[in-house]
2 protein chains.
Amino acid sequence: MTAARTKPKPRARFRREAPEDRRRQLGEAALRCIVKHGNAGVSVRQIAAEAGVTQGLITHHFGEINELVAYAFDIMSDGLMESIMKAVHDAPPTPQARLDAFIDASFSPLLFDRDVLGVWVVFWGLILHSPRMSASQQREYSTYVVTVESLISSLAEAENFKVGDIRLTAMAFTALMDGLWLAWCLNPSAFRPEDGVQLCRNWIEGLRRGAYA
Amino acid sequence: MTAARTKPKPRARFRREAPEDRRRQLGEAALRCIVKHGNAGVSVRQIAAEAGVTQGLITHHFGEINELVAYAFDIMSDGLMESIMKAVHDAPPTPQARLDAFIDASFSPLLFDRDVLGVWVVFWGLILHSPRMSASQQREYSTYVVTVESLISSLAEAENFKVGDIRLTAMAFTALMDGLWLAWCLNPSAFRPEDGVQLCRNWIEGLRRGAYA
DNA sequence: AGAGATATTATAAAGTCGTATAATATCTCT
DNA sequence: AGAGATATTATACGACTTTATAATATCTCT
């Protein structure tokens, strides 16, 4: 035999990175894959390719792929929450201005985005079938609602109107915003983001007029 | 050769059915698979097994699997819409009673159901990536909003209050209900269905008080 | 500079996926 | 009752999936 029958493929060069860095890279690659292909993007091979590494690395860092996806969810929800909170923080310190900033940020192109919903829809699907994902979602939802509660009750105090059950009311407002987000992303020609902002303001106006007392 | 090397498997007996019947059977089998396994349930083999037929039948009746899924979406949305409209139709013919019936039906166990949301989440994921699915969704959403518009404007007329943009307002109410549905299904301990009904009534109360004029 | 730790690659195994093909059983119609 | 139409089965193929394994390159530390 003149030529080697087995050609030992030359091993690719690679950088060795800290586990936490690599985990984050993989998580972000996962998000990009989900944006591009939806549920079909949740695949060890695709994510590894997107991150520019081999598949074994995912097994090594996360064990099973579900763990990676749950981690990606945490990255994503932390990021969104952070950008909203930044907007609130940067607003003038009046209850009205802070609530407006919250609404505006929610309907800004950063959040009010088909790609973002695409990722969330995939997560919702997993949450319904995985306790691990469900736990992450409950944490996320809870902190979100608490924030809304606080914004609303500050406004109520400042303007001296009554709200019956603050927690339920905050969940209603959250639901309204999520519902508008969903409807617009599924069908962007239905209304404009500004219309969504206005509808939220109308809801607040109902609150002022005592509809939730 | 004494024994036959190839054992020709005896062909299974089967009933030959009208195409429209078979299509519906396959569509309903698809829905059951999606309920059971979420996105993972969308599979030619699984659906065929669920329907008790072989895979080729799906190709034969639908060409590609996406077509079957779109058909399943139509079955499902028609069914839900029909059950809501029945409730409205059975209510006393006053605007208030009809709107209440609409709300109550939306929060009844038939609709306010994790399994139902599970199916919709899968559909949403497909809608975002498939023009075919998107077309079906737009039809569905449009008829839904028109219904809400009609219920709201009847009430406004009867009680003599003003609504600025009926269409946008109807979309807000739709969004609120969808958002509550989503939140509750993802986390059923967050609130009770009755709370959801109350929050919708509060929204209507805001409408009455002119918050959307 | 050399050794130990481990992050990373390469590769294989077993299974599922969607679609295409040809054979055939079932039904309808005359 | 027999023939034609077609709904249905069985099977094959190639691409993709997840997970497991052993070999190895890279880095850190002394």
Side-chain angles (χ1 to χ4, degrees), chain A residues 4-27 29-30 33-34 36-71 122 126 129-130 132, chain B residues 4-27 29-30 33-34 36-72 122 125-126 129-130 132:
Chain A
R5 174 149 327 242
T6 61
K7 339 175 167 182
K9 190 180 199 173
R11 214 183 170 96
R13 294 179 53 201
F14 61 93
R15 282 194 50 192
R16 190 188 178 112
E17 308 215 2
E20 53 187 345
D21 293 342
R22 196 58 101 181
R23 284 169 62 90
R24 171 160 280 266
Q25 290 170 17
L26 289 169
C33 285
I34 295 174
K36 269 189 262 184
H37 306 110
N39 294 285
V42 180
S43 141
V44 174
R45 280 177 159 73
Q46 284 182 61
I47 296 170
E50 173 72 32
V53 300
T54 51
Q55 334 162 39
L57 206 52
I58 290 178
T59 303
H60 182 253
H61 285 290
F62 292 95
E64 62 174 352
I65 193 176
N66 299 326
E67 205 58 34
L68 165 55
V69 176
Y71 178 76
V122 171
L126 300 173
H129 294 86
S130 147
R132 166 70 179 84
Chain B
R5 177 147 325 238
T6 60
K7 340 175 166 182
K9 191 180 198 173
R11 214 183 170 93
R13 293 180 54 202
F14 61 93
R15 282 194 50 193
R16 190 189 178 113
E17 308 215 0
E20 54 188 345
D21 293 343
R22 195 59 100 181
R23 284 169 63 89
R24 170 160 282 267
Q25 289 170 19
L26 289 170
C33 284
I34 295 174
K36 268 190 261 183
H37 306 109
N39 294 283
V42 180
S43 141
V44 172
R45 283 175 159 76
Q46 284 182 60
I47 296 170
E50 174 72 31
V53 300
T54 50
Q55 334 162 34
L57 208 52
I58 290 176
T59 303
H60 182 253
H61 285 289
F62 291 93
E64 62 174 353
I65 193 177
N66 299 327
E67 206 57 36
L68 165 55
V69 176
Y71 179 75
V122 171
L126 299 173
H129 294 85
S130 147
R132 166 70 179 84

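Values reported hereafter were calculated over all heavy atoms of this structure, with side chains retained and with hydrogens, waters and symmetry mates removed. So that the names make sense, note that chain A is the first sequence line, chain B the second, and so on, each numbered from 1.
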What's the separation between atom [atom1] in [X] and atom [atom2] in [Y], rounded to the nearest 0.5 Å?
{"X": "A:Asn39", "Y": "B:His129", "atom1": "CG", "atom2": "NE2", "result": "8.5 Å"}
{"X": "A:Glu50", "Y": "A:Cys33", "atom1": "CD", "atom2": "SG", "result": "4.5 Å"}
{"X": "B:Ile47", "Y": "B:His37", "atom1": "CD1", "atom2": "NE2", "result": "11.5 Å"}
{"X": "B:Ile58", "Y": "B:Glu64", "atom1": "CD1", "atom2": "CD", "result": "12.5 Å"}

Please enumerate all protein N or O atoms sitting under 3.5 Å from an N or O of nucleotides 26-30 of chain C, with distances to 0.1 Å.
{"unit_1": "C:dT26", "atom_1": "O2", "unit_2": "B:Arg16", "atom_2": "NH1", "d": "2.4"}

Given side chains that start at C-beta, do those of [X] and [Y] come closer than 4.5 Å, heavy atoms only?
{"X": "B:Leu26", "Y": "B:Val53", "result": "yes"}
{"X": "A:Arg22", "Y": "A:His60", "result": "no"}
{"X": "A:Leu57", "Y": "A:His61", "result": "yes"}
{"X": "B:Glu17", "Y": "B:Gln25", "result": "yes"}

Practice task
Using heavy atoms and a sub-4.0 Å distance, could you list which residues of residues 46-65 of chain A are near DNA chain D? By number, please.
Solution key: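 Output list: A:Gln46, A:Gln55, A:Ile65.
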Completion exercise
In terms of heavy-atom contacts, B:Ala72 and B:Gly27 come closest through CB-O, 3.8 Å
Handout entry: Heavy-atom closest contact (B:Glu67 atom, B:Arg132 atom, distance)
Key =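 Minimum heavy-atom separation between B:Glu67 and B:Arg132: OE2-NE, 3.0 Å.
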Exercise for the section: Would you sketch DNA chain D in dot-bracket for me? Only Watson-Crick or G-U wobble pairs with both distances under 3.5 Å count, crossing pairs as [ ], other-strand pairs as |, the rest as dots. Expected result: ||||||||||||||||||||||||||||||
Problem - C:dT16 base / B:Arg45 side chain donor-acceptor hit below 3.5 Å - result: no
Could you check how far [atom1] of [X] sits from [atom2] of [N], rounded to whole Å?
{"X": "B:Glu67", "N": "C:dT19", "atom1": "CD", "atom2": "P", "result": "11 Å"}
{"X": "B:His37", "N": "C:dT16", "atom1": "NE2", "atom2": "P", "result": "12 Å"}
{"X": "B:Gln25", "N": "D:dA7", "atom1": "CD", "atom2": "P", "result": "14 Å"}
{"X": "B:Asn39", "N": "C:dG18", "atom1": "CG", "atom2": "P", "result": "13 Å"}

Handout entry: Presence of A:Arg22 side-chain N/O under 4.0 Å of C:dT8 phosphate oxygens OP1/OP2
Key = yes
